[in-house]
Novice: 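I have a structure I would like to understand better, so I am pasting it below and will then ask my questions one at a time.
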Amino acid sequence: MTRKKIAAGNWKMNMKHQEGVILISEVVNMVKDEVPSTTTVVLCPPFPHLGYAKKMLQSQPNIFLGGQNCADKASGAYTGEVAAGILKSFEVDYVILGHSERREYYKETEELLATKVNIALENDLIPIFCCGETLQQRQSGQHFELVCKQLTASLFHLTPEQYAKIVIAYEPIWAIGTGVTATTDQAQEMHAVIRKHLAGKFGELAQSTSILYGGSVKGDNAKELFACPDVDGGLVGGASLKSREFANIAKSF
Ligand code: 13P
């Protein structure tokens with residue numbers, strides 16, 4: 001079973017225009033020279049970067065763009081929101097949904113995320129659907145149940161055809177931006193639980209689902225994480241803002 005290997009960079013709310021231009025041009029050069037074309041690289045900058053970024057990536061067959069979020073409505077009077085259809089019209093291919101920062105700071109619920117997943121798929125965007133537990137939830141032994149519940153609530157209504165497009169990102173909240181990475185055992189254990197849970201609903205299709213790990217992924221820990229049988233890549237925050245570091249991650253498969 002071959003699964004897509006994905007190195008996705010989530011810039012979060014960082015990088016001014018000129019910084020973005022420099023970062024993308026460096027990433028393009030490094031990926032071209034060092035990363036096999038079988039690896040999918042996804043850059044998820046803040047929205048205003050997407051237009052020029054697309055032009056800079058025109059001749060890069062394996063570098064794609066993603067939004068960090070999209071609206072739960074198709075279009076209309078929703079000031080400050082960005083619709084999935086608008087992202088698609090800028091030739092964006094992916095969208096991160098359900099990031100823990102969106103769940104926590106913007107109170108995005110499982111129901112809202114189910115709607116966003118639908119609208120992303122209707123507009124031919126590939127959702128990178130995030131799940132993950134807090135430290136307290138892990139310490140009290142609820143982590144498997146909690147993550148499976150997040151998946152059930154926002155994805156289990158999908159048809160098999162819709163589900164087949166989804167990418168999952170497991171991001172333990174205690175590992176995000178903390179420098180504390182999940183051990184390979186912790187990552188593999190959770191990824192296997194996630195795949196089994198998805199298989200319970202979608203059967204064999206779950207074997208083709210790319211499940212990314214996120215949380216303090218760096219150039220020097222990516223190789224061991226990506227070597228885990230159920231870890232199919234990474235969703236990278238801080239390290240995606242440094243071209244050398246991100247390229248090192250992207251070539252760690
Ligand atoms: P860091 O890589 O900075 O820990 O962030 C992970 C993340 O939240 C990616 O979406």
Side-chain angles (χ1 to χ4, degrees), residues 4-15 19-20 23 27 40-47 49-50 53 63-70 87 92-106 108 113 116-117 120 125-135 137-138 143 146-147 150-151 154 166-184 186-187 190-191 194 210-226 228 231-253:
K4 228 198 268 182
K5 297 174 174 33
I6 303 176
N10 175 8
W11 295 9
K12 307 193 179 183
M13 200 172 72
N14 295 295
M15 304 311 262
E19 296 171 324
L23 177 57
V27 167
T40 298
V41 175
V42 184
L43 304 180
C44 304
F47 293 131
H49 293 269
L50 291 168
I63 312 183
F64 300 85
L65 284 175
Q68 294 176 16
N69 180 29
C70 71
L87 291 176
V92 169
D93 289 299
Y94 290 80
V95 64
I96 298 171
L97 292 176
H99 194 282
S100 58
E101 289 151 16
R102 301 285 325 166
R103 293 180 194 257
E104 183 183 354
Y105 305 140
Y106 302 97
E108 294 200 355
L113 291 171
K116 289 191 176 193
V117 167
L125 293 175
I126 300 170
I128 300 175
F129 184 81
C130 303
C131 55
E133 81 286 356
T134 63
L135 185 59
Q137 286 161 337
R138 175 167 281 264
H143 47 304
L146 188 276
V147 165
Q150 290 173 335
L151 299 168
S154 301
I166 302 282
V167 171
I168 304 289
Y170 167 58
E171 299 207 314
I173 295 168
W174 46 272
I176 296 178
T178 58
V180 180
T181 315
T183 64
T184 50
Q186 286 172 323
M190 181 61 91
H191 282 230
I194 289 172
S210 295
I211 306 179
L212 316 183
Y213 167 80
S216 300
V217 178
K218 301 273 182 324
D220 60 11
N221 59 26
K223 238 190 183 72
E224 57 181 25
L225 285 162
F226 297 174
C228 297
V231 177
D232 307 304
L235 180 56
V236 184
S240 74
L241 304 176
K242 298 181 202 127
S243 53
R244 183 66 271 160
E245 192 76 17
F246 186 60
N248 285 347
I249 292 168
K251 64 182 194 188
S252 292
F253 291 98

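Note that ligands are numbered from 1 as they come in the structure, with each ligand's atoms numbered from 1 the same way. Small disclaimer: the values here were computed from a predicted structure and weren't measured. The first residue of the sequence shown is numbered 1, and numbering continues consecutively from there.
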Novice: Which residue from G237, C44, G177 reaches closest to atom 4 (O) of ligand 1 through any of its heavy atoms?
Specialist: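 Looking at heavy atoms only, the winner is G177.
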Novice: Is K218 in contact with ligand 1, taking contact as a heavy-atom separation below 4.0 Å?
Specialist: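 In this structure, K218 fails to qualify as a contact of ligand 1 - no heavy atom is under 4.0 Å.
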Novice: Between ligand 1 and C130, can you find any atom pair, the residue atom being a heavy atom, that is separated by under 4.0 Å?
Specialist: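 Outside the 4.0 Å threshold, so no.
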Novice: Which of the numbered atoms in ligand 1 are below 4.0 angstrom from a heavy atom of G215?
Specialist: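 Atoms satisfying the 4.0 Å criterion: 4 (O), 6 (C).
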Novice: Report the distance from atom OG1 of T40 to atom CG of D232, rounding to the nearest 0.5 Å.
Specialist: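 It comes to 11.5 Å.
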Novice: What pairs of residues pass the side-chain hydrogen bond (donor to acceptor under 3.5 Å, both in side chains) test when at least one of them lies in residues 166-175, not counting sequence neighbours?
Specialist: H99-E171, E133-Y170, E133-W174, R138-Y170
Novice: If I take atom NZ from residue K12 and atom CD from residue Q68, how far apart are they, to the nearest 0.5 angstrom?
Specialist: 9.0 Å
Novice: Is any N or O atom of S216, backbone or side chain, closer than 3.5 Å to an N or O atom of ligand 1?
Specialist: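 So ligand 1 has an N or O lying under 3.5 Å from an N or O of S216.
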Novice: What residue and atom, counting heavy atoms only, is the protein's closest point to atom 3 (O) of ligand 1, and at what distance?
Specialist: G238 N, 2.8 Å
Novice: List every atom of ligand 1 that sits less than 4.0 Å from any heavy atom of N10, numbering the atoms from 1 in the order shown and giving each element.
Specialist: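 By the 4.0 Å cutoff, the relevant atoms are 9 (C), 10 (O).
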Novice: Tell me which protein heavy atom sits closest to atom 7 (C) of ligand 1, plus the residue, atom name and distance to 0.1 Å.
Specialist: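 Nearest protein contact, heavy atoms only, for atom 7 (C) of ligand 1 is E171 OE2, 3.2 Å.
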Novice: Give a yes/no on ligand 1: does A239 have at least one heavy atom closer than 4.0 angstrom to it?
Specialist: no
Novice: Drop me the distance from I168's CD1 to S210's OG, to the nearest 0.5 angstrom.
Specialist: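 The CD1 atom of I168 sits 10.0 Å away from the OG atom of S210.
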Novice: Within this structure, what is the OG-CE distance for the pair S240 and M15, rounded to the nearest 0.5 Å?
Specialist: 8.5 Å
Novice: Parallel, tilted or perpendicular: which fits the ring planes of F226 and F253, with parallel below 30° and perpendicular above 60°?
Specialist: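 Judged by the thresholds at 30° and 60°, the geometry between F226 and F253 is parallel.
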Novice: Return the closest protein heavy atom for atom 5 (O) of ligand 1 as residue, atom name and distance.
Specialist: K12 NZ, 3.3 Å
Novice: Using distance alone, determine whether T178 and ligand 1 share an N or O pair under 3.5 Å.
Specialist: no
Novice: Does D93 have any salt bridge (charged side-chain N to carboxylate O under 4.0 Å, His left out) partners at least two apart in sequence or in another chain, and if so, which?
Specialist: K88
Novice: Hey, what do you get for OG1 (T181) to CG (N221), rounding to the nearest 0.5 Å?
Specialist: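 Rounded to the nearest 0.5 Å, the OG1-CG separation comes to 4.5 Å.
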Novice: Quick check on contacts: which atoms of ligand 1 are under 4.0 angstrom from a heavy atom of A175?
Specialist: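 The atoms of ligand 1 under 4.0 Å from a heavy atom of A175 are 4 (O).
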